[in-house]
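Let me begin by presenting the structure, written as structure tokens, before commenting on it.
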Amino acid sequence: MRIPVLFGWVMIFVVVVSYKRRKADRSRKKTELDFWERENTANATRKQDISNLDYVDFTGVSLPFALFPDGTLKQCEEQVKKLKDEKILNLTGISNTDLKLTYGAANLPSLTQYDQNFTLLVRTLNTWGHRLEELGYAPEAISVLEFAVAAGSDIKATYQLLAKLYQQQGESGKIEGLRKAASGLNSLMKEPILGMLKQIGP
């Protein structure tokens, strides 16, 4: 009696596995079809005006250029000065397909460059701020890091150091502003940054 019962369970297992496999295959095929349908539509989308997008604006921004003799600081300053003359756009979390659907396929190369400029900017600002802090220039480090956050940086180390400096300067209340900024991020780093800030307090 045991053999027929065992055979029955094996058959049930095979049927269930086969059903799940077919279901997964159908789901995968549908996902692929949906993707290519969106991609084809995106590639056919006409070029849109991108002149009024939310580009990073340096107007009214005061950064500590040429105040301290240090090689790393000089490199960071020169890089930021170069970027000031370029278009910089935070497109973190937005796929190429969505960009083409919204702004047209012809704009993708320009948008990609503007997004690369953004990545270079926030990384440079992070390095600049950390080097200023290492050299003991806390107020200047704060100004650089605050600009990075205002621009939409999703670098955890930027938020972490800025929160630390706020505490050291007796301005812990400003950490809440960092939480609000992080809450608006369209990035995979959003939750890690919020979790880190929650642990810091107040």
Side-chain angles (χ1 to χ4, degrees), residues 50 53-96 99 109-202:
I50 61 173
L53 297 182
D54 190 20
Y55 296 100
V56 174
D57 188 3
F58 283 82
T59 304
V61 176
S62 179
L63 295 173
F65 290 109
L67 294 182
F68 313 108
D70 178 79
T72 299
L73 294 181
K74 183 178 180 181
Q75 290 178 3
C76 292
E77 292 167 16
E78 289 178 349
Q79 183 63 74
V80 172
K81 286 179 180 178
K82 290 179 182 178
L83 288 169
K84 286 178 68 175
D85 298 324
E86 303 291 334
K87 288 186 176 180
I88 305 170
L89 193 60
N90 181 8
L91 299 173
T92 304
I94 306 176
S95 70
N96 285 346
L99 287 175
S110 294
L111 292 171
T112 300
Q113 182 59 60
Y114 303 160
D115 186 51
Q116 290 174 352
N117 289 343
F118 174 80
T119 300
L120 180 56
L121 174 66
V122 294
R123 287 178 178 174
T124 302
L125 291 172
N126 181 67
T127 300
W128 191 3
H130 275 75
R131 183 56 177 163
L132 285 166
E133 189 271 339
E134 289 173 1
L135 295 173
Y137 306 123
E140 289 77 13
I142 289 174
S143 68
V144 169
L145 298 173
E146 284 181 336
F147 178 54
V149 170
S153 174
D154 66 345
I155 298 178
K156 183 179 177 182
T158 292
Y159 289 80
Q160 194 166 26
L161 178 56
L162 189 50
K164 171 188 170 183
L165 291 172
Y166 281 155
Q167 288 181 319
Q168 291 178 350
Q169 299 294 312
E171 298 179 314
S172 296
K174 289 186 176 182
I175 295 176
E176 181 59 31
L178 295 182
R179 294 194 186 100
K180 290 181 180 178
S183 296
L185 293 175
N186 183 28
S187 167
L188 294 175
M189 289 305 300
K190 174 180 176 178
E191 294 306 322
I193 292 172
L194 287 173
M196 176 271 297
L197 292 173
K198 184 177 180 180
Q199 292 180 353
I200 289 179

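Along the sequence shown, residues are numbered consecutively beginning with 1.
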Could you grab the distance from atom [atom1] of [X] to atom [atom2] of [Y], nearest 0.5 Å is fine?
X: Q75; Y: R131; atom1: CD; atom2: CZ; result: 10.5 Å
X: I142; Y: E140; atom1: CD1; atom2: CD; result: 9.0 Å
X: Q79; Y: T124; atom1: CD; atom2: OG1; result: 4.5 Å
X: L99; Y: S110; atom1: CG; atom2: OG; result: 11.5 Å
X: I155; Y: L125; atom1: CD1; atom2: CG; result: 8.0 Å
X: I193; Y: T158; atom1: CD1; atom2: OG1; result: 8.0 Å

Residue pair [X] / [Y], side-chain heavy-atom distance below 4.5 Å:
X: P192; Y: M189; result: yes
X: S143; Y: S62; result: no
X: N126; Y: V122; result: no
X: W128; Y: L73; result: yes
X: V144; Y: L63; result: yes
X: I200; Y: I175; result: yes
X: Q116; Y: L120; result: no
X: E146; Y: L162; result: yes

Taking every non-hydrogen atom, the tightest pair across [X] and [Y]:
X: S183; Y: L194; answer: OG-CD2, 3.7 Å
X: H130; Y: A157; answer: CE1-O, 3.4 Å
X: K190; Y: L185; answer: CD-O, 3.5 Å
X: L165; Y: A141; answer: CD1-CB, 3.9 Å
X: L111; Y: L91; answer: O-CD1, 3.5 Å
X: G129; Y: L145; answer: CA-CD2, 3.9 Å

Give a yes or no on this: more than 12 heavy atoms of other residues, nucleotides or ligands lie within 6.0 Å of atom NZ of K164.
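At most 12 heavy atoms, drawn from other residues, nucleotides or ligands, come within 6.0 Å of this atom.
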Are any side-chain N or O atoms of [X] and backbone N or O atoms of [Y], one a donor and one an acceptor, separated by less than 3.5 Å?
X: E77; Y: A66; value: yes
X: T127; Y: R123; value: yes
X: Y159; Y: V149; value: no

I'd like to know whether L89 forms a side-chain contact (heavy atoms from CB on, under 4.5 Å) with F118, so could you lay out the CA-CA distance, the side-chain angles of the two residues, the decisive distance to 0.1 Å, and finally the verdict.
CA-CA 6 Å; L89 193 60; F118 174 80; 5.9 Å; no
Set of residues satisfying side-chain contact (heavy atoms from CB on, under 4.5 Å) with respect to E78, sequence neighbours excluded
K74
Aromatic plane relationship, F68 with Y137 - under 30° parallel, 30 to 60° tilted, over 60° perpendicular:
parallel
Kindly indicate, with the supporting measurements, whether the criterion side-chain hydrogen bond (donor to acceptor under 3.5 Å, both in side chains) is fulfilled by Y166 and E176.
CA-CA 11 Å; Y166 281 155; E176 181 59 31; over 6 Å; no
